[in-house]
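Below is one structure, written out as structure tokens; comments come after it.
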Protein chains: 2
Amino acid sequence: MTRYTGESRMLVAVDCIIFGFDGTDIKLLLIQRGLKPEKGKWSLMGGFLQENESLEQAANRVLKKLTGLEGVYMEQMKAYGEPLRDPVERVLSIAYFALIDIHQYEKQLSTEYHAEWVHIKKLPELIFDHKKMVENAKKQLRYKAALHPILFELLPAKFTIPQLQILYEGIYDTTFDNRNFSRKVLSTELLIKQKEKDKANSKKGAFYYKLDKRKYKANFQAFLNFIPNPDKLLL
Amino acid sequence: MTRYTGESRMLVAVDCIIFGFDGTDIKLLLIQRGLKPEKGKWSLMGGFLQENESLEQAANRVLKKLTGLEGVYMEQMKAYGEPLRDPVERVLSIAYFALIDIHQYEKQLSTEYHAEWVHIKKLPELIFDHKKMVENAKKQLRYKAALHPILFELLPAKFTIPQLQILYEGIYDTTFDNRNFSRKVLSTELLIKQKEKDKANSKKGAFYYKLDKRKYKANFQAFLNFIPNPDKLLL
DNA sequence: CACAAAAGCGTAATATTCACACTAACTACA
DNA sequence: TGTAGTTAGTGTGAATATTACGCTTTTGTG
């Protein structure tokens with residue numbers, strides 16, 4: 001026996017929802033599709049799963065092809081399998097979402113795919129069911145970020161607490177009390193204070209912090225509560 | 001253009017991790033595989049995705065074939081895509097997990113698949129990567145149940161609070177203070193007290209409760225806290 | 001009619017969360 | 001050189017939530 005008989009085989013794709021933060025706005029990395037159909041339309045970055053490749057490998061390959069980056073935070077989100085989601089033929093898509101420090105990426109911007117960072121509030125129309133994927137990804141990001149410290153993945157290695165707060169406020173589309181926010185964040189003891197300050201954004205200057213990677217990994221699964229009244233903010 | 005060229009197509013399967021609770025123990029519904037290879041070995045219930053079927057439809061079809069049940073709580077868990085996970089040929093599997101009131105099912109037990117409820121602590125060896133799937137499912141169930149009231153799906157329509165507590169204690173493999181537990185559960189106002197008592201399990205008897213379906217649906221996404229110190233219990 | 005066993009209420013100590021006043025640090029510009 | 005203006009970040013207390021544990025209630029059993 002070498003194969004299962006009487007069953008239908010289909011293409012499997014991997015699509016990446018890539019979030020970035022530029023210090024002010026949360027953005028999504030989109031491309032203009034190079035393949036027919038829908039050539040020229042906006043799309044998530046994706047690719048077909050190859051014969052000898054695992055899903056994680058495929059997602060990383062796709063991400064690297066677009067951004068040049070490796071070792072990026074990425075997690076599997078959901079499989080999309082509506083029979084007609086791709087009009088050409090049956091394609092199952094496994095969506096991954098990735099979080100990137102946007103500045104790291106900008107250095108190696110490749111024009112090959114006509115990629116662009118698009119403000120999360122100003123998304124263009126997307127092909128197939130990509131809009132739904134993006135919506136699910138946003139929801140999942142909000143959900144997860146309310147409980148776990150993943151948003152650090154969107155920031156550079158050194159960042160200030162006000163920067164972090166702006167990021168959280170962007171994700172939840174609200175504002176937080178800065179005094180409570182910094183106290184909460186610091187009480188996790190996940191941050192290591194640096195000697196230098198960032199003076200670009202204020203007169204007083206805010207101290208830089210770095211993530212304590214060891215504690216970050218050790219406590220990743222623990223429930224945090226950076227967000228007041230989280231359940232009201234998750235839609 | 002009718003198809004994408006130069007890409008490899010593969011089989012897609014759906015596997016179901018089916019949890020049940022019999023009032024004392026948490027169990028998993030397993031089958032003895034009817035297909036070669038590994039015929040006769042223990043396995044999760046699964047099936048291949050058909051040409052015109054969505055993933056949800058496939059998962060529901062598989063579940064119904066085994067249990068006869070429809071409208072069961074089910075959610076997509078994760079896609080498994082290691083190239084060699086099935087030795088016959090490349091098969092991508094999308095795992096779903098389902099929660100069933102075990103008594104509802106037992107009535108319509110079908111012997112066709114040699115299905116059996118197996119105590120979650122006494123699982124046999126499973127084929128392929130099914131063990132990993134089960135572990136992931138257990139983890140996800142613990143995670144989700146710590147925040148959302150999904151465990152009610154494992155209970156009959158009428159249940160007592162001590163029964164509910166036994167269920168939670170089974171899931172988290174620990175014990176809770178019964179006085180605090182019932183107060184927490186009742187404070188959600190998700191339960192409607194019935195007039196009758198269950199006297200099978202105690203002399204005093206415990207009142208039956210029903211879920212308030214409306215509130216249950218409305219508050220499903222809100223974070224609850226049935227579990228003391230949840231983050232310590234999630235592994 | 002005691003006794004055992006489980007249901008479930010009460011309460012106080014502790015911890016967490018939140019709102020808001022206030023001080024500190026620093027730049028820019030007069 | 002000093003003062004006005006701006007943002008960072010600490011302090012504090014009130015409100016809320018969590019937890020530990022004593023105690024009463026109910027009822028079948030012998």
Side-chain angles (χ1 to χ4, degrees), chain A residues 23-24 146-147 155 158-169 172 174-210 219 222-234, chain B residues 23-24 146-147 149 155 158-170 172 174-210 219 222-234:
Chain A
T24 309
L147 299 168
L155 292 169
K158 288 195 310 187
F159 54 87
T160 67
I161 292 183
Q163 277 166 20
L164 183 66
Q165 183 172 348
I166 288 166
L167 171 55
Y168 271 87
E169 291 181 342
Y172 294 100
T174 183
T175 56
F176 302 116
D177 182 287
N178 63 339
R179 301 157 288 190
N180 291 331
F181 184 82
S182 65
R183 204 145 13 86
K184 268 190 178 180
V185 168
L186 291 173
S187 74
T188 64
E189 301 194 313
L190 250 40
L191 300 189
I192 304 168
K193 194 173 192 166
Q194 305 297 298
K195 297 230 169 74
E196 325 90 69
K197 281 185 166 186
D198 162 44
K199 302 213 172 155
N201 298 302
S202 81
K203 297 182 178 172
K204 178 174 175 182
F207 281 104
Y208 280 115
Y209 286 85
K210 278 188 182 172
N219 293 326
F223 290 150
L224 297 180
N225 181 15
F226 285 178
I227 309 302
N229 303 316
D231 40 358
K232 283 173 197 133
L233 293 172
L234 298 175
Chain B
T24 310
L147 298 167
L155 292 169
K158 287 196 311 188
F159 54 88
T160 67
I161 291 184
Q163 277 166 19
L164 183 66
Q165 182 172 349
I166 288 166
L167 171 56
Y168 271 88
E169 291 180 342
Y172 294 100
T174 185
T175 55
F176 302 116
D177 183 285
N178 63 341
R179 300 157 287 191
N180 291 332
F181 184 82
S182 67
R183 202 142 17 86
K184 268 190 178 182
V185 168
L186 292 173
S187 74
T188 64
E189 301 195 311
L190 249 40
L191 301 189
I192 303 167
K193 195 173 191 167
Q194 305 297 297
K195 296 228 168 80
E196 326 88 70
K197 280 185 168 185
D198 162 46
K199 301 213 172 156
N201 298 301
S202 80
K203 297 178 180 174
K204 180 172 176 183
F207 281 104
Y208 280 115
Y209 286 84
K210 278 188 182 172
N219 293 325
F223 290 149
L224 297 181
N225 181 16
F226 285 178
I227 309 301
N229 303 318
D231 39 359
K232 283 171 197 136
L233 293 172
L234 298 176

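Values below: all heavy atoms of this structure, side chains included; hydrogens, waters and symmetry mates excluded. Below, read A as the first sequence line, B as the second, and so on, with proteins coming before strands; counting in each chain starts at 1.
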Margin query: Can you list everything that forms a side-chain contact (heavy atoms from CB on, under 4.5 Å) with B:Pro162? Sequence neighbours excluded, please.
Written below: B:Thr160, B:Ala206
Next item on the list: Round to a whole Å and report the spacing from NZ of A:Lys197 to P of D:dT6.
Entry: 18 Å
Checklist line | Nearest-Å distance for atom pair CD/P, residues B:Gln165 and C:dG8 | finding: 11 Å
Next item on the list: Please state how far atom CD1 in B:Ile161 lies from atom C1' in C:dA7, giving the value in whole angstrom units.
Entry: 10 Å
Notebook entry, point to check: Given C:dA6, D:dG9, C:dC26, which nucleotide is nearest the side-chain atoms of B:Ser202?
Noted result: C:dA6
Margin query: I'd like to know if B:Lys204 reaches the base of C:dA7 with its side chain, counting only an N/O donor and acceptor under 3.5 Å.
Written below: yes
Next item on the list: Could you tell me the separation between the CD atom of B:Glu169 and the C1' atom of C:dA6, rounded to a whole number of Å?
Entry: 13 Å
Margin query: Of the listed nucleotides (D:dG5, C:dA5, C:dA24), which one gets closest to any side-chain atom of B:Lys203?
Written below: C:dA5
Next item on the list: Whole angstrom is fine here: how far is it from CG in B:Asn201 over to C1' in D:dT26?
Entry: 16 Å
Item checked: Separation of C:dA7 P from B:Phe159 CZ (nearest whole Å) -> 15 Å
Next item on the list: Report the residues that fulfil salt bridge (Lys or Arg N to Asp or Glu O under 4.0 Å) with A:Arg183, sequence neighbours left out, ordered by chain and then residue number.
Entry: none
Do any N or O atoms of the protein come closer than 3.5 Å to N or O atoms of nucleotides 9-11 of chain C, and which pairs are they?
{"residue": "C:dG10", "atom": "O6", "partner": "B:Arg183", "partner atom": "NH2", "Å": "3.3"}

Checklist line | Set of side chain to side chain donor-acceptor pair (under 3.5 Å) partners for B:Asn178, sequence neighbours left out | finding: none
Next item on the list: Would you check if the side chain of A:Glu196 reaches a backbone N or O of A:Tyr208 as a donor-acceptor pair within less than 3.5 Å?
Entry: no
Margin query: For A:Lys197, give me all partners under side-chain contact (heavy atoms from CB on, under 4.5 Å), at least two apart in sequence or on another chain.
Written below: A:Lys199, A:Lys204, A:Phe207
Check: Taking only residues at least two apart or on different chains, which pairs with a member in residues 186-195 of chain B satisfy side chain to side chain donor-acceptor pair (under 3.5 Å)?
Finding: none
Margin query: Donor-acceptor check, side chain of B:Tyr172 to backbone of B:Ala146, threshold 3.5 angstrom: yes or no?
Written below: yes
Note to self: Using whole Å, what does the distance between atom C1' of nucleotide C:dA25 and atom CZ of A:Phe207 come to?
What the structure shows: 9 Å
Notebook entry, point to check: To the nearest Å, how far apart are A:Lys184 NZ and D:dT10 P?
Noted result: 16 Å
